[in-house]
Amino acid sequence: MPTIEIIPISESALACVLPPPAALPKQQRLWAFADAVQALPETEEAVTGMNNLTVFVRAGTDLQAFSDGLLALWSQTEAVKRKGRRVRIPVVYGGEFGEDLTEVAAFHQTSAEEIVRRHTEPVYTVFMMGFQPGFPYLGGLPENLYTPRRAVPRIKVPAGSVGIGGSQTGVYPFASPGGWQIIGRTEAPLFQINANPPTLLAAGDTVQFVAERIWL
């Protein structure tokens with residue numbers, strides 16, 4: 001059973017942190033823990049991160065006593081599998097849509113086609129949503145695709161860009177600055193303000209990338 005460290009980060013917030021690396025069983029237990037913490041009367045909001053949970057408490061809460069209670073609650077919490085949706089995301093890899101594909105291939109001393117094969121083979125799990133509305137942090141990237149972020153981030157990464165950053169892969173819902181290695185792009189709408197819910201994905205969903213085309 002992984003131990004959890006609880007750290008005060010302000011007068012009204014606690015960070016509950018698990019030791020690395022992030023893994024699906026840990027994240028499943030964090031999801032259940034977050035649900036239990038959110039139900040506590042002292043909790044204003046519980047926000048699940050990657051391998052961590054941030055808890056914002058109501059005014060007047062004794063942080064030390066609350067922290068001790070969270071430790072006890074964690075010891076009683078068991079992982080719960082969420083029955084999420086399976087979502088297939090079509091991707092055009094390489095060329096102007098995936099400017100870093102050839103560099104990622106060179107880093108791993110293999111071909112661009114092999115990088116695409118490795119990226120489309122797994123079924124990923126959405127560990128959390130963050131960074132931008134609709135941005136999924138996906139667990140399950142094969143170790144043979146772990147790639148350092150760019151030394152110099154781009155000022156603008158186009159919406160729909162599919163990237164790799166360290167041990168993570170994800171999709172940018174909106175154009176923004178970013179330092180992930182961009183290997184492809186999708187037209188799948190990850191965030192639509194008028195939809196209900198507005199995000200295509202949620203924590204616990206699974207994702208399969210599908211190669212529509214590879215530009216070299």
Side-chain angles (χ1 to χ4, degrees), residues 20-28 50-51 81-82 84-192 199-216:
L24 183 56
K26 290 183 183 178
Q27 201 70 18
Q28 289 171 332
M50 182 73 72
N51 231 26
K81 293 183 179 180
R82 290 185 176 177
R85 299 176 306 124
R86 172 70 63 84
V87 179
R88 290 165 61 88
I89 295 181
V91 180
V92 176
Y93 287 91
E96 63 180 292
F97 305 105
E99 298 177 73
D100 299 321
L101 179 61
T102 55
E103 291 184 22
V104 171
F107 177 82
H108 291 284
Q109 299 181 336
T110 189
S111 66
E113 292 89 345
E114 174 61 14
I115 294 298
V116 173
R117 187 196 69 79
R118 295 178 190 179
H119 193 254
T120 54
E121 185 176 50
V123 174
Y124 301 91
T125 300
V126 181
F127 275 23
M128 60 166 284
M129 305 296 292
F131 171 53
Q132 296 177 342
F135 187 103
Y137 283 82
L138 302 176
L141 186 73
E143 288 190 19
N144 59 11
L145 279 181
Y146 288 9
T147 311
R149 290 168 171 79
R150 292 176 55 85
V152 180
R154 289 186 171 91
I155 295 175
K156 184 178 181 181
V157 175
S161 292
V162 178
I164 295 174
S167 62
Q168 298 295 314
T169 187
V171 186
Y172 287 75
F174 303 99
S176 74
W180 287 30
Q181 305 284 353
I182 303 305
I183 61 173
R185 195 181 305 170
T186 181
E187 293 186 358
L190 271 75
F191 183 87
Q192 299 182 89
T199 58
L200 175 65
L201 300 169
D205 287 346
T206 54
V207 171
Q208 178 100 51
F209 291 109
V210 179
E212 282 196 320
R213 187 178 302 167
I214 304 174
W215 292 100
L216 299 177

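Hydrogens, waters and symmetry mates are skipped; everything else that's a heavy atom, side chains included, is used. These numbers were taken from a predicted model, which means no experiment stands behind them.
Panel note: side chain Gln192, backbone Thr199; no donor-acceptor pair is recorded below 3.5 Å. With hydrogens and angles ignored, the 3.5 Å screen pairs a side-chain donor or acceptor of Gln27 with a backbone N or O of Asn51. Looking at Thr186, its side chain never comes within 3.5 Å of a backbone N or O of Gly160 through a donor-acceptor pair.
For residues 154-179, every residue pair satisfying the ring-ring contact (aromatic ring centres under 6.0 Å, His included) rule, not counting sequence neighbours, is listed here: Phe131-Tyr172, Phe135-Tyr172, Phe174-Phe191. Applying the salt bridge (Lys or Arg N to Asp or Glu O under 4.0 Å) definition to pairs two or more places apart or across chains, those involving residues 140-153 are Asp100-Arg150.
Interatomic distance, OG1 of Thr169 versus CD1 of Ile183, reported as 5.5 Å (0.5 Å rounding). For the atom pair CD of Glu212 and CD1 of Ile89, the computed distance is 11.5 Å after rounding to the nearest 0.5 Å. Remark: Gln109 CD to Asn144 CG distance equals 13.0 Å, nearest 0.5 Å.
Every residue was checked against the side chain to side chain contact (heavy atoms under 4.5 Å, CB included) condition with Glu187, not counting sequence neighbours, and none meets it. Listed by chain and residue number, Gln28, Trp31, Thr125, Phe127 satisfy the side chain to side chain contact (heavy atoms under 4.5 Å, CB included) test with Leu24 (two or more places apart in sequence, or in another chain). Every residue two or more places apart in sequence or in another chain was checked for a side-chain hydrogen bond (donor to acceptor under 3.5 Å, both in side chains) with Arg82, and none qualifies. Not a single side-chain hydrogen bond (donor to acceptor under 3.5 Å, both in side chains) links Glu99 to another residue, sequence neighbours left out. The ring-ring contact (aromatic ring centres under 6.0 Å, His included) check on Phe209 picks up His119, Tyr124, with sequence neighbours excluded. Judged as a side-chain hydrogen bond (donor to acceptor under 3.5 Å, both in side chains), and not counting sequence neighbours, the contacts of Thr206 are Arg86. With sequence neighbours excluded, the residues satisfying salt bridge (Lys or Arg N to Asp or Glu O under 4.0 Å) with Asp205 are Arg85. For Arg117, the side-chain hydrogen bond (donor to acceptor under 3.5 Å, both in side chains) partners two or more places apart in sequence, or in a different chain, are Glu114, Glu121. Applying the side chain to side chain contact (heavy atoms under 4.5 Å, CB included) rule to Pro158 yields the partners Ser161, Arg185; only residues at least two apart in sequence or on another chain are considered.
The shortest distance between side-chain heavy atoms of Met129 and Pro136 falls below 4.5 Å. Within the 4.5 Å cutoff, the side chain of Pro173 has no heavy atoms near those of the Pro133 side chain. Two residues are said to be in side-chain contact when any heavy atoms from C-beta on lie closer than 4.5 Å; Tyr93 and Ile115 fail this criterion.
Residue Lys26 comes nearest to Pro21 through the heavy atom pair NZ-O, 2.8 Å, listed as atom of the first residue, atom of the second, then distance. In terms of heavy atoms, Lys156 sits closest to Ala175 at CE-CB, 3.7 Å. Residues Met50 and Met128 share a closest heavy-atom pair of N-SD, 3.0 Å. When all heavy atoms are compared, the tightest approach of Gly140 to Pro122 is O-CB, 3.9 Å. Residues Val116 and Ala211 share a closest heavy-atom pair of CG1-CB, 3.9 Å. The nearest pair of heavy atoms linking Arg154 to Trp180 is NH1-O, 4.1 Å.
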Fill in: Residues Ile164, Leu141; criterion side chain to side chain contact (heavy atoms under 4.5 Å, CB included); working and verdict
CA-CA 9 Å; Ile164 295 174; Leu141 186 73; 3.9 Å; yes
